[in-house]
Amino acid sequence: MHLDPFSLYLHVPFCLQRCSYCDFFTMPLGEDRQGSFSPYLRALHAEIKAMAPMFAGRVLHTIFFGGGTPSLLEVEEMAAILEALRSTVPWHDEIEVTLEVNPETWTLEKARSFRSLGINRVSIGVQSLNPRALAMLTRNHDVQGARRCLDISRDAGFSKINLDFIWGRPELEIDDWRKELESILSWSPEHLSLYELILEPGTPMTRAVQRGELSLPSEDERLEMYRLTREVLADAGMEWYEISNFCRPGHECLHNMYTWQGFDYLGVGPGAHAFLGTPGFGRRRANPRNMPKYLGAPHEAPWVPRDAEDAVLEALLSGLRIREGFSLSLLRRRYGLDLNELLGKVAQPLVDIGHLSTSSERWSLSTGGAEVLDEIVKFLAARLPALPEDAQGTDATTA
Ligand code: SF4
C-alpha cells in the first residue's frame with residue numbers, strides 16, 4: 001500500500017463562451033448540451049474504468065474538477081462520476097474534492113446538491129472586480145454575479161473557497177490594482193489565486209496586444225504589482241504559500257500542494273495530464289487536446305519516461321514555488337538522488353545572496369528568490385553534474 005498523497009485531476013472541457021486570454025483545452029457548449037456532454041461522459045466513465053489497475057494499492061487524497069467549466073455538470077452527472085470513482089479507489093477520510101466554478105453556472109440549489117455529494121472546496125473564477133476588465137477578458141459574468149456566486153457557496157456550506165484573479169492585465173495601473181486588492185479583501189476571502197496574465201500564442205488578447213490595440217504593464221510595473229500584492233495581502237493576514245497563491249492559515253489547496261511537492265496524480269478527460277514518480281525516474285502522460293481523438297480512445301495516451309535530469313529539474317521548478325520549499329527525502333527515497341550532494345556547492349552563491357536556503361532536509365526560496373525562480377533553476381540546471389542512468393531509491397521499482 002502506498003501511503004504518499006495521491007490525486008486525481010478531472011477535465012471538463014466545455015465553456016459557455018471563450019475568454020479572450022484563454023489557452024486551456026475548452027470547447028463552446030453550443031445549444032445541444034446533451035449532444036456534447038453524453039459522448040464525453042461515456043468516454044470519461046470508460047477511462048475511469050480502464051484506469052482501475054493504476055489505482056491499485058492507492059488511497060485518493062484529492063480530486064480536482066477543472067476546466068473548462070466543470071460547474072456545467074448536472075447534479076446527476078456529478079453523482080455518477082463520484083460514484084464511479086468511489087467504487088474504483090478508496091478515498092482518504094479527509095479527502096479534498098475541489099470544483100472550479102464559473103459564476104453564471106451556479107445556483108444555491110446546485111451548490112447544496114454538490115456539497116451533499118462530497119464536493120468540499122470550490123474555486124471561483126472571478127478574474128477581476130473591475131467591470132471594464134471583465135469586458136476586456138470577455139468574461140461571462142459581472143462583478144455582482146461573482147459576488148452572488150461567493151455568497152451562494154457560503155450559504156451552501158462551503159468553508160473552503162478560492163477566488164481566482166488575473167493581474168498584469170492590459171491597462172492595469174498600480175494604483176488601480178491596489179484599490180482592486182482592497183475590494184477583493186472586503187469580500188473576506190480565505191484563499192486567493194492571483195495569476196499574472198500570460199499572453200498565450202493565438203488568443204484574441206495576444207493578437208490585440210500584437211496589433212497595438214492593448215498594452216501590457218511594463219516588466220518593472222509588473223514586479224511592483226507583485227510586490228504590492230504580497231504586502232497588501234500579508235497586512236490582511238493572507239501570506240503567500242506558493243508564488244501565485246495566498247491564504248489564511250490552514251486554507252492551502254492540498255491538491256496543488258501535493259502536485260508541486262512531486263506526489264503522484266492521474267488525470268482523466270481530454271487534455272488531462274498524469275504523473276507517476278515510479279518506476280525508474282517516473283513517467284508522464286497527456287491525453288489528447290482533441291475531442292474526437294479522446295472519444296475514440298479515452299485511455300490510450302502513451303506514458304513518456306523521465307530521466308534523472310528531468311526528475312531533478314522538475315523537482316526544483318515546482319518544489320521551489322512553495323514558500324516552505326520541498327523535502328529532499330522524496331528524491332532520495334525514489335531515486336537515491338541527494339540534492340545537497342549534487343548541487344549543494346554550486347548553489348552556495350544563491351544561499352550567500354539570500355535567495356535560497358538549504359538544509360539536509362529541505363530547500364526553499366526567500367521572497368526575493370521566488371521573484372527570479374526561473375533564473376535560479378536555469379542557473380542550477382547549467383551546473384548539474386552527470387546523473388546515474390538508473391534510479392537507485394527504495395521506491396525505484398514500485399509501479
Ligand atoms: S471560463 Fe475558464 S476555461 Fe472557459 S474559456 Fe474562460 S478562462 Fe477558459
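Both ligands and their constituent atoms are indexed starting at 1 by order of listing.
- Closest to atom 7 (S) of ligand 1, if we only count protein heavy atoms, is Y21 OH, 3.3 Å.
- Nearest to atom 2 (Fe) of ligand 1 among the protein's heavy atoms is R139 NH1, 4.0 Å.
- Listed by number with element, the atoms of ligand 1 under 4.0 Å from a non-hydrogen atom of G68 are 3 (S).
- Within the 4.0 Å heavy-atom cutoff, E100 does not count among the residues contacting ligand 1.
- Taking the charged nitrogens against the carboxylate oxygens, R283 and D264 have no contact shorter than 4.0 Å, which rules out a salt bridge.
- In this structure, R58 is not positioned above the aromatic face of F55 in the sense of NZ or CZ being under 6.0 Å from the six-membered ring centre and within 45° of the axis.
- Not a single heavy atom of Q127 sits closer than 4.0 Å to an atom of ligand 1.
- For the residue pair E100/N162, the side-chain donor-acceptor check at 3.5 Å is not satisfied.
- Given atom 4 (Fe) of ligand 1, the protein heavy atom at minimum distance is C15 SG, 2.3 Å.
- A donor-acceptor pair under 3.5 Å is formed between the side chain of R169 and the backbone N or O of I166.
- Nearest to atom 5 (S) of ligand 1 among the protein's heavy atoms is C19 N, 3.3 Å.
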Apply the test salt bridge (charged side-chain N to carboxylate O under 4.0 Å, His left out) to residues R154 and E190: give CA-CA distance (whole Å), side-chain angles for both, the deciding distance (0.1 Å), then the verdict.
CA-CA 11 Å; R154 286 182 173 149; E190 300 87 24; 3.8 Å; yes
Apply salt bridge (charged side-chain N to carboxylate O under 4.0 Å, His left out) to residues R132 and E171 and explain how you reach the verdict.
CA-CA 10 Å; R132 275 188 44 201; E171 296 177 12; 2.8 Å; yes
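- Only the backbone of Q17 comes within 4.0 Å of ligand 1, counting heavy atoms alone; no side-chain atom from C-beta on gets that close.
- For atom 4 (Fe) of ligand 1, the set of nearby N, O or S atoms under 2.8 Å includes none belonging to C22.
- Residue contacts with ligand 1, taken as heavy atom pairs separated by less than 4.0 Å, involve N102 solely via side-chain atoms from C-beta onward.
- Rounding to the nearest 0.5 Å places CG of L192 at 11.5 Å from OG of S244.
- Within the 4.0 Å heavy-atom shell around ligand 1 one does not find G125.
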